[in-house]
Amino acid sequence: MASLPSVLVGNNTLKLQPDFKKHLPNTSNLSIHQKGNYNNKTSTTQLVESHESVSLDFREALSVIQDGTSGFESNVYIPILQECVKNRSVSETQMIHAHIIKTGTFEDLYLMTFVVNVYGKCGEMDFARKLLDQLPKKNVVTWTSLMSGYIQSLEPIVAVRVFSEMLEDGTYPTNFTLGVVLHACTLLYSVKLGEQIHGFIVKYQVEDDTSIGNALSCLYSKCGSLDSAVKAFSRTGDKNVISWTTAISACGDNGDSVKGLSLFTEMLYDGVEPNEYTFTSVMSLCCVMQALGVGSQVHSLSIKLGYQYNLPVTNSIMYLYLKCGHIDEAKKLFEGMETISLVTWNAMIAGHAQMMEQAEDSLSAHSSGMEALNIFKRLNRSNMKPDLFTFSSVLTVCSALVALEQGEQLHAQTIKTGYLSDVVVGTALVNMYNKCGSIEKACKAFIEMSIRTMISWTSMITAFSQHGHSQQALQLFEDMRLAGVRPNKITFVAVLSACSHAGMVDEGLAYFKMMKHEYKIKPVTDHYACLIDMYVRLGCRSHGKLELGFYAAEQLLNLNPKDCETYVLLLNMYLNAGRYQDVSRVRKRMKEEKVGKLKDWSWISIRDKVHSFKPDDRLCPPGGEVDLLLGDLLEKARNIGYEPHGSLEVTDEEEEDKTTSKIIHHSEKLAVAYGLLNSPNAVPIRVIKSISMCRDCHSFIKLISVLTERDIIIRDSKRLHKFVNGQCSCGDFGSLM
DNA sequence: CTAGGGTTAG
């Protein structure tokens, strides 16, 4: 007998029921496949005769079905239904469905369950539900298929409701059903519900089932409980590649990359072959750990196993190279790829954004940022369209470059493309406007968001705080809590710095306690730095708080033993308090830790070009226009009471005495002067600086803002300074050096 | 009928 056209049969060998060997009560109703048997002859010989062995395409197959006046066996319908899933063709599914009803095959429970599935996979849950309700008989697979459809349509609550409906109907779940309902719990982040199901699983002793174990470990991982996730994994009997991959990425998601890598090793010893998902997960662990060595070994392994031209795998290794600063390797991969996807572009852009953040000095940071913008331009010229990942990365780059114009263009582009409504993009916009010095636009962007995450709230609180609007920052923090959004450590950095800014020491301490006790957040350097700010602001008026300041200082030192700016902060603090023993102790420690000199760079973006400056820059020679302008401004400033004060230059002790007499042209003075000379009047000057501003520059630039009637925005490594008419948004406590 | 991954904001 000639074989059936392959399009009608395909090569789908449906596996009969699963490895569910455990005795859930009454699972005998699993024997539903009696009709899905493939060995029987079909009633479609006429099709075979007319088309011989030529493959029919989807359309032809459909018309054959449509013309058929009597029903076919289910194995005729199924390949076509599968094709419907692939093409998401709902109306075709309906046509087939109608044909089945018309010709009386609807009593085939297996086939009808398949149709429920197809509707579910096409996102047509109303059709799926209606069909299930109309079926004269349904079994656990029918119910599970419906649940699975609801999950794919992101309606986990309905899926859970269907589950309990099924139980009330007297149908017992299988391992698959439990896996599906656990997945619903995962989407709902409901450990509580999950634990109820888990109880059921323990009771029936099916914890070692693979589907169940995998679903449990995924649930606990996504709900932030790595221990439980690993426990579920270790109780799984037959660990397949999915079990391992789930466990490995659980470690990654929950901040234990080392454990993730060791699980990967264990997996290899266990003889389980990794697949592309495993590789990408492992690469992302390597990214976090900056483990380029391990990464390239894994890369070799992936090539050995045939993943050399696998797009996700290549994307992830390319991103790893970028994150580790190996830009040439990354470029080589990029240029050598057979096909690239939007993810590839995004990885390149995000990778450069990362390099910008990790750069040792401001200049290379800046060139990474510019490269990211270039790649974005290339993407725009290609036939691909940027998505929310692209926009959020590029907006971040604009924030770091204080490139307001590009940022505004991106804003327009997100409106046009509809990505503005995305919460991550919206948040990135808030940040961009904040970092470019426009609190009004940041605020507007925040208000216009329809959904806000913890990070959105935090961004806006940070914006208020950095702009010196402490009351609004604290008010928004209370709003956030009222909205039931849980703050994190960064939220508290913003809250504490708002308090320190406004001199609200008691409130600041109260929030510090709230953070530790109510939210169980461990303080990090930035929190201690805020406390020290408060202390400095308070001076030595209260002995108890003085001790608090020193306590915070020591914590900061221990947490941050390599950071030059921390030392500058501490040295000034101890100098002001006249504690010279501590001064020399800190200095000694600096030597021991081999803390380098601060690298003072500033840059300013004028139109599409960015200009960078270092102190007493050769590009601004004496007698040049920048020098002349600064001299002129200095004299005018002196006339209205400015007196240059020396600042503490770190690490070169011999130079210390000279500093008081010398007027230092720190880089931001040069950048500001350059900006004044090269941009139209009334346009705010926006400068980025690699380290914190010193006191001298801070007071000088306040006066420049008066003398030139220009708004000057300087973003230094710690905060934002917006100088308007002689006042700075930081409240003068942002410059301690 | 089920389960897994890479690019993301403070």
Side-chain angles (χ1 to χ4, degrees), chain A residues 14-15 17-18 20 30 32 110 113-114 116-117 120-121 139-149 151 174-183 186 209-219 221 236 240-250 252 274-284 287 310-320 322 341-351 353-354 387-393 395-396 399 422-432 434-435 453-463 487-491 493-494:
Chain A
L14 280 196
K15 284 185 207 110
Q17 244 335 45
F20 195 42
L30 284 178
I32 41 99
Y110 167 74
T113 298
F114 207 102
V116 171
N117 228 306
K121 289 215 168 107
N139 64 19
V140 61
V141 183
T142 327
W143 286 106
T144 308
S145 297
L146 187 69
M147 286 165 59
S148 166
I151 285 177
T174 68
N175 57 337
F176 290 131
T177 321
L178 294 173
V180 171
V181 76
L182 283 170
H183 192 209
T186 308
D209 177 87
T210 310
S211 299
I212 290 176
N214 293 355
L216 277 174
S217 108
C218 178
L219 166 75
S221 161
T236 306
N240 61 17
V241 60
I242 296 174
S243 321
W244 287 99
T245 307
T246 309
I248 290 168
S249 48
N275 63 16
E276 58 172 310
Y277 296 106
T278 325
F279 281 123
T280 46
S281 298
V282 171
M283 286 304 175
S284 109
C287 268
N310 181 290
L311 193 49
V313 173
T314 315
N315 284 339
S316 64
I317 181 83
M318 188 189 78
Y319 188 64
L320 175 66
L322 286 171
S341 62
L342 184 56
V343 175
T344 318
W345 287 110
N346 287 349
M348 281 295 273
I349 293 170
Q354 281 283 331
D387 70 354
L388 67 170
F389 289 108
T390 328
F391 283 123
S392 50
S393 292
L395 281 168
T396 310
S399 313
D422 179 80
V423 64
V424 177
V425 172
T427 306
L429 261 180
V430 172
N431 282 317
M432 186 276 292
N434 169 37
K435 291 194 169 166
T453 61
M454 178 270 289
I455 297 173
S456 324
W457 288 93
T458 300
S459 301
M460 196 60 228
I461 295 169
T462 304
N488 75 350
K489 61 181 180 186
I490 293 155
T491 323
V493 172

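Every chain is numbered from 1 and lettered A, B, ... according to where its sequence line falls, protein lines coming before strand lines. Keep in mind that this is a model prediction, so the values were computed, not measured.
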The side chain of [X] lies closest to which of these nucleotides: [options]?
X	options	value
A:Asn431	B:dG6, B:dA9, B:dA3	B:dA9
A:Ser284	B:dA3, B:dG6, B:dG5	B:dG6
A:Pro312	B:dA3, B:dG6, B:dT2	B:dG6
A:Phe176	B:dG5, B:dT2, B:dA9	B:dT2
A:Val343	B:dA9, B:dG6, B:dG5	B:dG6
A:Tyr277	B:dA3, B:dA9, B:dG5	B:dG5
A:Ser148	B:dT2, B:dA9, B:dG6	B:dT2

Checking all strands, does [X] fall into the base, sugar-phosphate, or nothing category for heavy-atom contacts under 4.0 angstrom?
X	value
A:Lys489	nothing
A:Ala350	sugar-phosphate
A:Asn315	base
A:Val180	sugar-phosphate
A:Phe389	base
A:Asp387	nothing

To the nearest Å, give me how far apart [atom1] ([X]) and [atom2] ([N]) are.
X	N	atom1	atom2	value
A:Leu320	B:dT7	CG	C1'	14 Å
A:Met283	B:dG6	CE	C1'	11 Å
A:Met348	B:dT7	CE	P	15 Å
A:Ile317	B:dG6	CD1	P	15 Å
A:Phe279	B:dT7	CZ	P	16 Å
A:Ile455	B:dT8	CD1	C1'	9 Å
A:Asn310	B:dG5	CG	P	15 Å
A:Met318	B:dG5	CE	P	20 Å

Closer than 4.0 Å, any side-chain N/O of [X] to the OP1 or OP2 of [N]?
X	N	value
A:Ser249	B:dG5	yes
A:Tyr319	B:dG5	no
A:Lys435	B:dA9	no

Report yes or no: does A:Ser221 contribute a side-chain atom to a donor-acceptor pair with the main-chain N or O of A:Ser217 at less than 3.5 Å? no
Donor-acceptor contact below 3.5 Å, side chain A:Ser148 vs main chain A:Thr144: no
[X]-[Y] side chain donor-acceptor pair, cut-off 3.5 Å:
X	Y	answer
A:Thr453	A:Ser456	yes
A:Thr142	A:Thr113	yes
A:Ser341	A:Thr344	yes

Less than 4.5 Å apart, side chain to side chain, heavy atoms only: is that true for A:Val181 and A:Thr177?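 No - every pair of side-chain heavy atoms lies 4.5 Å or more apart.
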Side-chain donor or acceptor of A:Ser392 under 3.5 Å from a matching atom on the base of B:dT8?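 Absent.
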